[in-house]
Amino acid sequence: MPGKKSVIEIRGARVNNLKNVDVDIPRNALVVVTGLSGSGKSSLAFDTLFAEANRRYVESLSSYARNFLDGFDKPDVDAIHNLSPAISIDQKSVSRSPRSTVGTMTEVYDYLRILFAKLGVPHCPTCGKRLMRKSVREILEEILNLPDQTPLVFISYSKALKEKTEASALAQIGVWGYVRVLFHGEVLPIGDAQAVASATEISDIAVVVDRLTINLTRPDKERILDSLQTAFRVGQGTLTLRINGTGEERLYNEEYRCEECGIGLPQCTPSHFSFNSPEGACEKCAGLGVTLEFDPELVIPNKNLSLAEGAIRPWSKMNGDRHTGQGPMHWLRDLSRQMKFSFDVPVKKLSAKYFSFILYGDGRKEEDAFPGVIALLEKKYRETKSDHLRADIEAYMLTKLCPVCLGKRLKKSSLAVKIEGLSINDLVSESVERFLVLEKSLREKLLKTGEKELINPLFREMETRLMAVEKVGLGYLELSRGADTLSGGEAQRVRLSVQMKSGLSGIIYVLDEPSVGLHSRDTERLIRALEDLRTANNSLVIVEHDVAIMRKADYIIDLGPGAGSEGGEIIFSGTPEKLMHSKLLTGQYLSGKRKISDKKKARPISAEAITIFGATEHNLKNVDVKIPLGMLVAVSGVSGSGKSSLVHDILSRALSKYFYHAKAEPGAHKKIEGLSHIDKVIAVTQDPIGRTPRSNAATYTGVFSLIRDLFAATVEAGREKYSASHFSFNMRGGRCESCQGGGLKKIEMYLLPDVYVPCEICQGTRYNAKTLSIEYRGTNIASVLKMTVTEARRFFLDQPMIEEKLRVLEEVGLGYLVLGQSATNLSGGEAQRIKLATELARKSTGKTLYILDEPTIGLHFEDVRRLLEVLEVLVDKGNSVLVVEHNLDVIASADWVLELGPDGGAKGGELIFSGPPEKLKSCKRSFTAKYL
């Protein structure tokens, strides 16, 4: 065992399902915590180690600061020694705001904004001409280059005099205190001008701010500068310099102006390039790059209905007042009589003119003009205070690319500022890899112009940050990619890259499966990045199931032997070599003695298939893909090669639209054939299931409503007249009203995430005493919610519908899960499998297509084996399963593999292999082949 100080000692940990565990974790080492899903890995790493380090940090703050941070409970552990500050990087806590991008998360965008504000050259947003302006200092230099004894006149045309008559303009100039003016082309004293001024003609009079003669031997710089500044102030940013003698006039602008287009641009500041500030954000979409627009197809979905039958879908729902003679429907009916179009024929029979009138009105601006259905809906959407109504109206809207900025998020004036011909959007549209190449040449060009003190530090900062992003295998991400479109694994690795460049030492990093969504090739890069953190004397505690990372670890802690109440013990701690020689499950999988899949032979390829033609979404290069049905098909390829674009953006959305009329538009492709071979599609993505403490495994799978029906059918419930809704903790009647059935009370935290504490009235049971007194076979509803899936299945064995749903949960390896465990405390792998079990419990028709996005996330080898068995059973019944997956065991046990690549980002997007996995090994262009 390492020396006393070189380990973190945990003694008596009892958080969640941990059974009074003692463990020593080596410091300054790469430690992997592994074990079955639900065996207590996260409880040990996050809820014990990280929570205690975090709590001690908070304890060290002043009592005033702690007032705002109340509620960090001490984890249930006897003692932890040799703890240092900890940083947790998990998959849940990354900001998912549509206002964040990869550029802002890595802070590279902030440096770009400074670069463009300082060195950017403004161009006219309309005609694209380069705009010039001179600072007061530069004008002074010019003046001092004129010949000695040159007489000068400083003239300002003020906007305040534009509309006035000559007489009143001169009176105004007199009030300002100037004594000379430029009147009809000549410089006159104000009195002389007033003598001949007209009382009716509009003035074109300018103020003479100053007159002087240059003396180059003793130039009066102060006076010249003062006159220039005053002239700019009077002329609101412009001044004319008349050089007497030659009569030449020179015009100077304080701001950038394009005289041809009459456009003026202010001095650029970094906030002019921020899409989160009103100075820079596009006004139409407020810097989001997308707008919500009403879609005529959703407003009038069924053109076979007449207006009277409710063809205008939102009105048929909102207006119950069709017969009372008020509201827009009545208005439209009156107009139909005036304009002679029928209210009772199917909408598709109306002429294009009338159809357009109904949707968009007749374009008149008068009070009584009919503005059109869409304008009326927009008005209602803007004015309503009700979130519910707003959500209702949003059902008729689609998210579309902003028509003004075309998704670039910034104002045209900000996009017209360029460096070496490139706008800030041109740079952030590049992937991290391309950007690193681009910035080298950009830096060299800029250094030739000078400004070394500014350029070098900016580029150095950007480079270190982006090198770190590339190191964790995310070189294919564009800097403009929204944070809300990143997968959990990608977002986590962006945060990891930010930590890597912080250069801290002596920190404990607690990571949650950083290899999620990574191809084996990228995992090697990630391991190198983690080793760099360890070299800087940091301790890494990683919850992980990836073979490559486990083999590279310095120390492995294996929890088990089962999951849930059967887990929570340390069954092994030591080096990977020692684990491989042990008889433990993890060790046997790690050494290769046990295999996940022992597939005897692949299924014969079926004639039926779904074919996607001409897929060009994101980086796909016009590919045609044939997906054979009735088989287990794996889609593989390195990160960023276009798998999600193909499977989710195109196929999944097209099928949802075809079968369920979903409103999300499928990605760019020509056509899809073969949809008649299936009759339903079930897609399981990585989105978390309900994120509120009110949602749990029982409510999500629907088994809870069946259990509530059972309780409502008991004699006692009948006597109390209790219906099934009384046993819901979300409805009034049966729930505890103090916490409104949450079982927990939310404590609002200023500056920090909210904290939940158990309700003092119901002690966290969620129900009132009366509801708890009603029992089914001697057990009340709160006790049922405390059962694990396996216990509940035994308890409800004679109830086939409940038993079947629970059986599927058990089959995907969730037998240990407590039915009432709040969805906020589920691990990623558990949430994924609850969704899976819910879908798998639905009746399969034998012609169903299941689309799964990396179902093996968060799963131990043994769990993956179970999952594959479940999928095999589905395929045996005639269904088709399509899996996007990096797990080599899943790819090897598939019947058919589609590989996209060869690389990520712009270098990907081609179909490089389609066939059985045995033949993939000989594919030269495939990175997956090397690892198989």
Side-chain angles (χ1 to χ4, degrees), residues 30 45-46 50 53-54 57 84-115 270 274-276 427-428 430-433 435-436 439 457-518 522-523 525-544 639-640 752-753:
L30 204 157
F46 286 93
F50 171 69
N54 205 22
Y57 168 67
S84 53
I87 292 176
S88 102
I89 302 180
D90 57 15
Q91 290 169 31
K92 299 192 192 91
S93 56
V94 177
S95 140
R96 289 273 182 225
S97 152
R99 294 202 164 276
S100 278
T101 62
V102 174
T104 58
M105 287 163 81
T106 53
E107 294 170 15
V108 170
Y109 195 69
D110 302 335
Y111 292 103
L112 276 176
R113 281 168 41 207
I114 297 170
L115 186 71
S274 164
F275 42 79
N276 294 328
L427 290 176
V428 292
E430 296 291 351
S431 68
V432 170
E433 286 167 323
F435 185 89
L436 280 166
E439 62 105 38
L458 281 179
F459 277 91
R460 190 168 57 243
E461 286 294 334
M462 290 196 285
E463 203 165 316
T464 49
R465 281 172 162 74
L466 293 179
M467 300 280 263
V469 175
E470 198 177 24
K471 234 178 191 159
V472 293
L474 295 177
Y476 59 89
L477 287 181
E478 295 95 28
L479 288 172
S480 56
R481 175 89 175 262
D484 51 347
T485 64
L486 296 177
S487 69
E490 285 172 334
Q492 186 190 8
R493 290 195 296 281
V494 169
R495 280 188 62 202
L496 177 65
S497 77
V498 174
Q499 286 303 331
M500 282 168 55
K501 87 130 271 305
S502 70
L504 290 170
S505 143
I507 301 276
I508 301 170
Y509 286 106
V510 187
L511 286 94
D512 181 15
E513 285 203 74
S515 69
V516 163
L518 272 192
D522 303 310
T523 307
R525 280 181 175 172
L526 177 70
I527 292 171
R528 287 200 287 276
L530 295 172
E531 285 172 340
D532 288 350
L533 278 176
R534 180 187 63 191
T535 315
N537 284 335
N538 293 302
S539 315
L540 285 101
V541 177
I542 306 176
V543 176
E544 189 54 273
S639 312
L752 273 175

Chemist: Heavy atoms, side chains only, cut-off 4.5 Å: are Leu526 and Leu518 in contact?
Modeler: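 Counting from C-beta outward, Leu526 and Leu518 do come under 4.5 Å.
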Chemist: Is there a side-chain contact between Val428 and Leu112 in this structure, where contact means two heavy atoms from C-beta onward sitting under 4.5 Å apart?
Modeler: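 Side-chain contact under 4.5 Å: yes.
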Chemist: Going by side chain to side chain contact (heavy atoms under 4.5 Å, CB included), name the residues that satisfy it together with Asp532, two or more places apart in sequence or in a different chain.
Modeler: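 In terms of side chain to side chain contact (heavy atoms under 4.5 Å, CB included), with neighbours along the sequence ignored, Asp532 is linked to Lys471.
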Chemist: Return the set of residues passing side chain to side chain contact (heavy atoms under 4.5 Å, CB included) with Glu470 (not counting sequence neighbours), or none when no residue passes.
Modeler: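 Applying side chain to side chain contact (heavy atoms under 4.5 Å, CB included) to Glu470 gives Glu433, Leu436.
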Chemist: If the condition is side chain to side chain contact (heavy atoms under 4.5 Å, CB included), which residues does Arg534 pass it with, not counting sequence neighbours?
Modeler: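 Side chain to side chain contact (heavy atoms under 4.5 Å, CB included) list for Arg534, sorted by chain: Leu30, Glu531, Leu540, Asp554.
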Chemist: Name all residues meeting the side-chain hydrogen bond (donor to acceptor under 3.5 Å, both in side chains) criterion together with Ser539; count only those two or more places apart in sequence or in a different chain, and write none if there are none.
Modeler: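 Once residues adjacent in sequence are excluded, Ser539 has no partner under the side-chain hydrogen bond (donor to acceptor under 3.5 Å, both in side chains) criterion.
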Chemist: How close do Ala536 and Ser505 get, counting heavy atoms only, and between which atoms?
Modeler: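 So the minimum-distance heavy-atom pair works out to O-CB, 3.2 Å.
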Chemist: How long is the gap from CG on Leu530 to CG on Asn538, to the nearest 0.5 Å?
Modeler: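 One gets 11.0 Å once the value is rounded to the nearest 0.5 Å.
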Chemist: Among residues at least two apart in sequence or on other chains, which ones pass side-chain hydrogen bond (donor to acceptor under 3.5 Å, both in side chains) with Ser639?
Modeler: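 With sequence neighbours excluded, Ser639 shows a side-chain hydrogen bond (donor to acceptor under 3.5 Å, both in side chains) to Asp522, given in chain and number order.
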Chemist: Which residue pairs pass the salt bridge (charged side-chain N to carboxylate O under 4.0 Å, His left out) test with at least one member in residues 497-508, sequence neighbours excluded?
Modeler: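 Counting only pairs at least two positions apart or across chains, no salt bridge (charged side-chain N to carboxylate O under 4.0 Å, His left out) contact touches residues 497-508.
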Chemist: Quick check on Phe459: does its CZ atom have over 12 non-hydrogen neighbours (other residues, nucleotides or ligands) under 6.0 Å away?
Modeler: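 Yes, because the 6.0 Å sphere around CZ of Phe459 holds more than 12 heavy atoms from other groups.
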Chemist: Ser84: which residues meet the side-chain hydrogen bond (donor to acceptor under 3.5 Å, both in side chains) condition with it, sequence neighbours left out?
Modeler: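 So Ser84 forms a side-chain hydrogen bond (donor to acceptor under 3.5 Å, both in side chains) with Arg27.
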Chemist: Counting C-beta onward and ignoring hydrogens, is there a side-chain heavy-atom pair between Val494 and Leu474 closer than 4.5 Å?
Modeler: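 Side-chain contact under 4.5 Å: yes.
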Chemist: Check whether any side-chain heavy atom of Asp90 lies under 4.5 Å from a side-chain heavy atom of Val543, and answer yes or no.
Modeler: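 They are not in side-chain contact.
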Chemist: Closest approach of Phe46 and Ser88, non-hydrogen atoms and distance?
Modeler: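 Residues Phe46 and Ser88, closest heavy atoms: CE2-CB, 3.8 Å.
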Chemist: Could you check whether any side-chain heavy atom of Val472 comes within less than 4.5 Å of a side-chain heavy atom of Met500, counting everything from C-beta outward?
Modeler: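 In contact.
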Chemist: So, taking the atom named CD1 in Ile89 and the one named CG in Leu511, what distance separates them when rounded to the nearest 0.5 Å?
Modeler: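 One finds 5.0 Å between CD1 of Ile89 and CG of Leu511.
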Chemist: Keeping Arg465 on the side-chain end and Thr106 on the backbone end, is there a donor-acceptor pair under 3.5 Å?
Modeler: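 Yes, the answer is positive, given that a donor and an acceptor are paired below the 3.5 Å cut-off.
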Chemist: State which residues pass ring pair (Phe, Tyr, Trp, His ring centres under 6.0 Å) with Tyr109; sequence neighbours excluded, sorted by chain then number.
Modeler: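 Ring pair (Phe, Tyr, Trp, His ring centres under 6.0 Å) check on Tyr109 returns Phe275.
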Chemist: With rounding to the nearest 0.5 Å, note down the distance linking CG in Leu533 to CG in Leu496.
Modeler: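 Those atoms lie 6.0 Å apart.
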Chemist: Give me the atom names and distance for the closest heavy-atom approach of Glu544 to Pro514.
Modeler: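 Shortest heavy-atom contact: OE2-CD, 3.4 Å.
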Chemist: Provide the closest heavy-atom pair for Val498 versus Met105 in the form atom of the first, atom of the second, distance.
Modeler: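 Heavy-atom minimum between the residues: CG2-O, 3.6 Å.
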Chemist: Please, which pairs that meet salt bridge (charged side-chain N to carboxylate O under 4.0 Å, His left out) have at least one residue in residues 473-487, sequence neighbours excluded?
Modeler: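 Listed once each, the pairs are Arg481-Glu490.
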Chemist: How would you list, by chain and number, every residue that makes a side-chain hydrogen bond (donor to acceptor under 3.5 Å, both in side chains) with Glu439, sequence neighbours excluded?
Modeler: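 For Glu439, no residue satisfies side-chain hydrogen bond (donor to acceptor under 3.5 Å, both in side chains) once neighbours in sequence are set aside.
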Chemist: Could you check Leu479 against Leu427 for side chain to side chain contact (heavy atoms under 4.5 Å, CB included), going step by step and ending with a plain yes or no?
Modeler: CA-CA 8 Å; Leu479 288 172; Leu427 290 176; over 6 Å; no
Chemist: Hey, what do you get for CZ (Phe435) to CG (Leu477), rounding to the nearest 0.5 Å?
Modeler: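 Answer for the CZ-CG pair, Phe435 versus Leu477, is 14.0 Å.
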Chemist: Look up atom CD in Gln492 and atom CG in Leu486, then write down how far apart they are to the nearest 0.5 Å.
Modeler: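 Gln492 CD to Leu486 CG: 12.0 Å, rounded to 0.5 Å.
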Chemist: Could you tell me the separation between the OH atom of Tyr111 and the CD atom of Glu461, rounded to the nearest 0.5 Å?
Modeler: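 Going from OH on Tyr111 over to CD on Glu461, the span is 4.0 Å.
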Chemist: Would you name the heavy atoms of Ser502 and Tyr509 that are closest together and state the gap between them?
Modeler: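 Closest approach of Ser502 to Tyr509: OG-OH, 4.1 Å.
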Chemist: How close do Thr104 and Arg99 get, counting heavy atoms only, and between which atoms?
Modeler: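 Thr104 and Arg99 have their closest heavy atoms at OG1-O, 4.5 Å.
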